[in-house]
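For reference, the structure discussed in these notes is given below.
In this text, all values refer to a predicted model and were calculated from it rather than measured experimentally.
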Amino acid sequence: MPAPAPAPAPAPEWRVREWLNAEAPLSLASLRGKVVLLEAFQMLCPGCVGHGIPQALRARQAFPEDALAVVGLHTVFEHHAAQGGAVALEAFLHENRVRFPVGIDAHADGDPVPLTMRAYAMQGTPTLLLYDRGGRLRLQRFGAMEDMALGAAIATLAAEPAG
């Protein structure tokens with residue numbers, strides 16, 4: 001009989017320089033016990049505006065807050081001057097009715113690719129990351145994902161023990 005697969009390792013913490021729509025900074029550790037959906041986006045990304053953000057909003061409505069944490073990550077790797085500031089992002093979130101917490105991915109000096117994006121080897125935006133209740137990354141998807149598949153993945157992780 002084959003040995004059971006090892007549990008995934010804890011995921012890297014997010015490297016956020018500022019949080020919007022949050023009373024206090026968030027971390028994977030602070031969200032343990034919940035399934036976490038992180039939507040990495042840029043406000044000038046058509047796929048993010050047309051699919052990623054709306055899907056995160058639908059997930060927020062479909063699952064109770066005590067079971068699923070929905071978090072956004074504004075991870076800017078292009079057009080930095082146009083979308084790098086919190087004021088423009090605050091207006092974007094307001095206009096798109098995004099009420100869930102959104103972190104602004106931090107940059108190292110001179111590197112156009114943000115730190116969290118680099119830590120997760122993201123290919124671009126939108127990127128969806130789904131963590132289990134123990135803070136382990138269980139799904140990373142660049143581009144669109146069907147709502148039914150995402151809902152099934154969330155429900156499966158929510159039914160697992162928190163360990």
Please give me the minimum heavy-atom distance between [X] and [Y], naming the atom from each residue.
X: P112; Y: P114; answer: O-CD, 3.5 Å
X: A59; Y: I154; answer: CB-CD1, 4.4 Å
X: P126; Y: C48; answer: N-SG, 3.5 Å
X: V16; Y: G103; answer: CG1-CA, 3.6 Å

Do [X] and [Y] touch side chain to side chain, with heavy atoms closer than 4.5 Å?
X: E18; Y: L20; value: yes
X: V35; Y: D132; value: no
X: E39; Y: V70; value: no
X: V102; Y: L93; value: yes
X: L139; Y: M145; value: yes
X: E160; Y: R133; value: no
X: R118; Y: D111; value: yes
X: F100; Y: L57; value: yes

So, taking the atom named [atom1] in [X] and the one named [atom2] in [Y], what distance separates them when rounded to the nearest 0.5 Å?
X: L157; Y: K34; atom1: CG; atom2: NZ; answer: 15.5 Å
X: S30; Y: E13; atom1: OG; atom2: CD; answer: 7.5 Å
X: M43; Y: L89; atom1: CE; atom2: CG; answer: 5.5 Å
X: W14; Y: L129; atom1: CH2; atom2: CG; answer: 9.0 Å
X: T125; Y: Q123; atom1: OG1; atom2: CD; answer: 11.5 Å
X: L37; Y: F63; atom1: CG; atom2: CZ; answer: 9.5 Å

Output, in order, the C-alpha distance, side-chain angles, deciding distance and verdict of side chain to side chain contact (heavy atoms under 4.5 Å, CB included) for Q55 and L128.
CA-CA 10 Å; Q55 183 174 59; L128 180 142; 3.7 Å; yes
Check the hydrophobic clustering (I, L, V, M, F, W, Y; side-chain heavy atoms under 4.5 Å; chains of links allowed) and say if V71 and L115 are grouped together.
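No; tracing contacts between hydrophobic side chains, which count when under 4.5 Å, never links both residues.
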Salt bridge between R141 and E146, side-chain N to carboxylate O under 4.0 Å?
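Salt bridge flag = no for E146 with R141.
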Decide yes or no on side chain to side chain contact (heavy atoms under 4.5 Å, CB included) for R136 and Y131, but give the supporting numbers first.
CA-CA 5 Å; R136 294 172 296 264; Y131 304 85; over 6 Å; no
Exam field: side chain Y120 to backbone A11, donor-acceptor pair closer than 3.5 Å
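Flag not set: sc Y120 to bb A11 has no pair under 3.5 Å.
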Without swapping roles, check the side chain of R17 against the backbone of I104 for a donor-acceptor pair under 3.5 Å.
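No: the side chain of R17 does not pair with the backbone of I104.
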With under 30° as parallel and over 60° as perpendicular, where do the rings of F41 and F92 fit, or are they tilted in between?
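Judged by the thresholds at 30° and 60°, the geometry between F41 and F92 is parallel.
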Working for side chain to side chain contact (heavy atoms under 4.5 Å, CB included), residues D105 and M117
CA-CA 8 Å; D105 204 352; M117 181 178 224; 3.8 Å; yes
Taking CZ in R60 as the centre, count heavy atoms belonging to other residues, nucleotides or ligands within less than 6.0 Å. Is the count above 12?
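Counting neighbours around CZ of R60, more than 12 heavy atoms of other residues, nucleotides or ligands fall under 6.0 Å, so yes.
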